[in-house]
> 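For reference, the structure I am asking about is given below.
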Amino acid sequence: MTDTPTQLFIGGAWVDASDGATMPVDDPATGEILCHVADAGPKDAALAEEAAVRAQQEWARTAPRVRSEILRRAYEIIIERTDELAHLMTSEMGKPLAEARGEVAYAAEFFRWFSEEAVRIDGGLATLPDGRNRMLLSRRPVGPCLLITPWNFPLAMGTRKIGPAVAAGCTMVLKPAPQTPLSSLALAAILKEAGLPDGVLNVVTTSRAGEVCEPLLRGGRIRKLSFTGSTAVGQLLLAQSAHAVVRTSMELGGNAPFVVFEDADLDKAVDGAMVAKMRNMGEACTAANRFFVHRSVAEEFGRRLAERMGALVVGPGTRDGVDVGPLIDRTGRAKVEELVADAVERGAQVLVGGRTPEGPGCFYPPTVLADVDPASRLMGTEIFGPVAAILTFDDEDEVIRRANDTPWGLVGYVFTEGLDRALRVSERLEVGMVGLNTGLVSNPAAPFGGVKQSGLGREGGRVGIDEFLEYQYLAVPVS
Ligand code: NAP
């Protein structure tokens with residue numbers, strides 16, 4: 001912890017907030033304060049914006065190979081420091097070390113992927129249909145970007161945005177979530193070490209997100225917002241972005257259906273459920289939120305899932321053998337408790353878990369609820385905790401209608417051994433991603449994102465860099 005930066009990163013320098021303010025970072029496993037980091041105000045945000053704007057023109061002119069190699073070097077440094085970064089993430093966020101190591105690898109992979117994409121930005125030359133004019137097309141970086149990230153994947157949500165922005169030639173102001181600023185500050189230090197020029201990435205940690213970000217969005221110098229977080233905050237930021245017509249990418253909330261048909265392989269379905277539900281303690285936008293299980297296999301599926309969930313070891317993420325760490329904070333846990341209480345009041349059966357343990361830390365046990373009333377609040381809210389809610393269905397049309405009956409559309413999971421059904425159901429689900437007989441869809445090489453109120457645009461994959469590029473068209477007469 002002693003080497004981890006705790007100041008703001010502006011113009012390549014580590015600086016205190018201009019008024020000297022700091023904010024605490026808590027360990028969710030103990031409730032104790034780990035350290036204090038700089039707490040930026042609007043003046044600091046303006047300095048960070050200025051640094052990004054000043055660096056933009058020159059950065060846009062760097063050779064793609066130079067940008068590519070900086071990302072590649074940063075990828076290597078992250079991998080070399082896997083253990084150190086994993087410990088840092090676990091201490092501020094709570095996830096077990098094994099998961100934190102997995103996230104470090106996942107986060108680093110975005111840098112490797114976009115180091116490869118940086119040198120493949122293409123353009124075009126064509127003769128227009130009239131034969132008298134040519135069209136010369138080039139791709140330009142969109143300009144200085146504001147990146148806003150959540151606390152649940154502190155490293156990967158940063159690299160998923162910084163990677164393509166660096167590759168495209170954009171400069172940035174990054175505002176991480178106040179619960180997990182340390183991972184982002186460590187990332188900035190790594191990028192500096194990898195040779196990223198001053199001012200290309202600036203990081204402002206703050207407890208005053210609205211005051212810090214709104215002037216940047218309205219000011220007209222930030223040309224792009226890339227946001228990952230809740231739909232409610234995304235809607236607010238979209239409205240603020242409208243003022244200066246800022247281009248936006250929105251990775252918002254989900255309410256994933258997990259559908260198990262009567263012809264599913266139940267071993268695969270339970271394995272998939274464990275991943276889709278328990279990755280990151282259920283604190284993931286991709287977390288399965290509503291388990292729709294065919295009536296004929298619901299009891300068996302519930303029994304097997306409860307057995308697996310009940311065998312998980314809950315405890316501090318730094319302890320050996322722990323599978324499930326604490327939730328992010330007391331507010332997050334209180335929300336999970338309320339959702340479970342509401343479902344139980346409406347008749348849900350608790351197959352396992354459901355009781356908050358005594359003692360310090362924000363722990364909540366893996367919980368399986370069966371016979372959940374569709375009117376329960378957790379059907380229309382991201383649970384963001386280790387709670388699997390099982391409902392039954394009788395036929396395919398019915399389950400598709402119910403799965404789609406939500407304003408969100410990030411991801412869906414489908415378990416069936418029938419190829420026709422697998423494709424038919426996937427095509428009818430209103431989601432950006434489908435896990436077919438698998439509980440994991442995230443991969444840096446695939447376009448991640450949702451439809452409906454789950455967002456706009458895609459991150460990762462071949463298209464991830466497009467979000468940070470504009471076309472410029474030159475009209476050239478044929479002489
Ligand atoms: P959140 O409350 O929306 O916050 C996300 C980020 O936005 C934080 O840095 C937050 O800072 C900031 N923020 C909040 N209000 C703001 C404002 N007025 N102006 C500027 N920034 C503002 O979400 P969260 O609780 O951290 O994260 C959980 C949510 O993220 C879930 O809904 C989850 O589904 C979603 N998520 C989506 C994806 C995806 O790829 N689709 C991935 C991960 C998470 P403060 O905390 O200081 O307000």
> So which pairs with a foot in residues 300-317 pass side-chain hydrogen bond (donor to acceptor under 3.5 Å, both in side chains), sequence neighbours left out?
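Listed once each, the pairs are D267-R304, D271-R308, E300-R303, E300-R304, R303-E307.
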
> Output yes when R295 and E262 qualify as a salt bridge under the 4.0 Å nitrogen-oxygen rule, no when they do not.
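No, R295 and E262 are not salt-bridged.
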
> Pairs in or reaching into residues 422-432: which pass side-chain hydrogen bond (donor to acceptor under 3.5 Å, both in side chains), with residues at least two apart or in two chains?
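Sorted result for residues 422-432: E396-R424, D397-R428, E430-K452.
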
> Looking at every heavy atom in both V260 and A269, which two are closest together, and how far apart are they?
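Reported closest heavy-atom pair: CG1-CB, 4.1 Å.
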
> Begin from the C-alpha positions of E92 and T180 and carry the test side chain to side chain donor-acceptor pair (under 3.5 Å) through to its verdict.
CA-CA 6 Å; E92 65 176 349; T180 56; 4.9 Å; no

> For V313 and V324, run side chain to side chain contact (heavy atoms under 4.5 Å, CB included): C-alpha distance rounded to whole Å, both residues' side-chain angles, the deciding distance at 0.1 Å, then the answer.
CA-CA 6 Å; V313 179; V324 185; over 6 Å; no

> Partners of N280 by side chain to side chain donor-acceptor pair (under 3.5 Å), sequence neighbours excluded?
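So N280 forms a side chain to side chain donor-acceptor pair (under 3.5 Å) with K95.
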
> Does the distance from a Lys or Arg side-chain N to an Asp or Glu carboxylate O, for R346 and D342, drop under 4.0 Å?
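Salt bridge between R346 and D342, a charged N being under 4.0 Å from a carboxylate O: yes.
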
> Which label fits F153 and Y106: parallel for a plane angle under 30°, tilted from 30 to 60°, or perpendicular past 60°?
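Perpendicular, since the angle between the ring planes exceeds 60°.
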
> Holding to salt bridge (Lys or Arg N to Asp or Glu O under 4.0 Å), I want the full list of residues that pass it with E116, two or more places apart in sequence or in another chain.
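Checked E116 against salt bridge (Lys or Arg N to Asp or Glu O under 4.0 Å); zero matches.
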
> Closer than 4.0 angstrom, basic N to acidic O: yes or no for D19 and R208?
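Yes, this pair counts.
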
> Write out all pairs satisfying side-chain hydrogen bond (donor to acceptor under 3.5 Å, both in side chains) with one or both partners inside residues 367-378, taking only residues at least two apart or from two chains.
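Of all non-adjacent pairs touching residues 367-378, those that pass side-chain hydrogen bond (donor to acceptor under 3.5 Å, both in side chains) are Q349-D371.
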
> Once salt bridge (Lys or Arg N to Asp or Glu O under 4.0 Å) is applied, do any residues pair with E84, and if so which ones, sequence neighbours excluded?
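Counting only residues at least two positions away or on another chain, E84 forms no salt bridge (Lys or Arg N to Asp or Glu O under 4.0 Å).
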
> With sequence neighbours left out, what residues match D27 under side chain to side chain donor-acceptor pair (under 3.5 Å)?
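D27 satisfies side chain to side chain donor-acceptor pair (under 3.5 Å) with no other residue.
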
> Is a side-chain donor-acceptor pair under 3.5 Å present for T231 with Q453?
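T231 and Q453 do not have a side-chain donor-acceptor pair below 3.5 Å.
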
> Do the side chains of K175 and C213 get nearer than 4.5 Å, heavy atoms only?
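In contact.
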
> Does a side chain donor of either S249 or E459 reach within less than 3.5 Å of an acceptor in the other side chain?
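No, no side-chain donor-acceptor contact under 3.5 Å.
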
> Can you name the residues that form a side chain to side chain donor-acceptor pair (under 3.5 Å) with D265, not counting sequence neighbours?
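With sequence neighbours excluded, D265 shows a side chain to side chain donor-acceptor pair (under 3.5 Å) to no residue whatsoever.
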
> Measure the shortest side-chain to side-chain distance between V259 and V425 over non-hydrogen atoms and say whether it is less than 4.5 angstrom.
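Heavy-atom side-chain distance check fails, nothing below 4.5 Å.
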
> Report yes if some heavy atom in the side chain of V142 is under 4.5 Å from a heavy atom in the side chain of E467; otherwise report no.
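In short, these two side chains do not touch, never coming nearer than 4.5 Å.
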
> If only side-chain N and O atoms count, and only distance matters, is there a donor-acceptor pair under 3.5 Å linking S207 with D39?
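Present: a donor and an acceptor within the cut-off.
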
> Look at the side chain of R290 and the backbone N and O of N255, then say whether any donor-acceptor pair between them is shorter than 3.5 Å.
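Yes, the answer is positive, given that a donor and an acceptor are paired below the 3.5 Å cut-off.
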
> Can you tell if the side chain of R221 reaches within under 4.5 Å of the side chain of P144, non-hydrogen atoms only?
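Counting from C-beta outward, R221 and P144 never come under 4.5 Å.
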
> Can you confirm whether or not the ring centre of W151 sits under 6.0 Å from the ring centre of F384?
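W151 vs F384: aromatic centres under 6.0 Å.
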
> Would you please indicate if the ring centroids of F110 and Y75 are separated by under 6.0 Å?
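Not under 6.0 Å, so no.
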
> Taking atom CZ of R218 as the centre, report whether more than 12 heavy atoms of other residues, nucleotides or ligands fall under 6.0 Å from it.
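Atom CZ in R218 is packed in, count exceeds 12.
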
> Considering only heavy atoms from C-beta outward, does the side chain of M379 approach that of V372 to under 4.5 Å?
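A side-chain contact under 4.5 Å exists here.
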
> Testing the basics here: between S454 and G409, what is the closest heavy-atom pair and its distance to 0.1 Å?
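Nearest pair, atom of S454 first, then G409: OG-N, 2.9 Å.
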
> Please, which pairs that meet salt bridge (Lys or Arg N to Asp or Glu O under 4.0 Å) have at least one residue in residues 231-260, sequence neighbours excluded?
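Checked against salt bridge (Lys or Arg N to Asp or Glu O under 4.0 Å) - neighbours excluded - the pairs reaching residues 231-260 are R247-E470.
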
> Please identify each residue that fulfils side chain to side chain donor-acceptor pair (under 3.5 Å) with T205, with sequence neighbours left out.
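For T205, no residue satisfies side chain to side chain donor-acceptor pair (under 3.5 Å) once neighbours in sequence are set aside.
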
> Is the shortest side-chain heavy-atom distance between L174 and S184 below 4.5 Å?
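L174 reaches S184 side chain to side chain.
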
> As a quick check of understanding, evaluate ring pair (Phe, Tyr, Trp, His ring centres under 6.0 Å) for F114 and F468, giving each step before the final call.
CA-CA 12 Å; F114 284 108; F468 292 88; 8.2 Å; no

> Please, which pairs that meet side-chain hydrogen bond (donor to acceptor under 3.5 Å, both in side chains) have at least one residue in residues 379-389, sequence neighbours excluded?
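Non-adjacent pairs meeting side-chain hydrogen bond (donor to acceptor under 3.5 Å, both in side chains): zero.
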
> With ring pair (Phe, Tyr, Trp, His ring centres under 6.0 Å) as the rule and sequence neighbours excluded, what pairs involving residues 345-381 come up?
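Residue pairs with at least one partner in residues 345-381: there are none.
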
> Side chain to side chain contact (heavy atoms under 4.5 Å, CB included) for M250 and Q235? Distances and angles first, verdict last.
CA-CA 9 Å; M250 293 277 154; Q235 287 164 330; over 6 Å; no

> For E299, does the CD atom have more than 12 heavy-atom neighbours from other residues, nucleotides or ligands under 6.0 Å away?
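Check fails, neighbour count at 12 or below.
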
> Does the ring center of Y413 lie less than 6.0 Å from the ring center of F292?
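Not close enough - the centres of the two rings lie 6.0 Å or further apart.
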
> Would you mind reporting whether P28 and L327 have side-chain heavy atoms less than 4.5 Å apart?
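Not in contact.
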
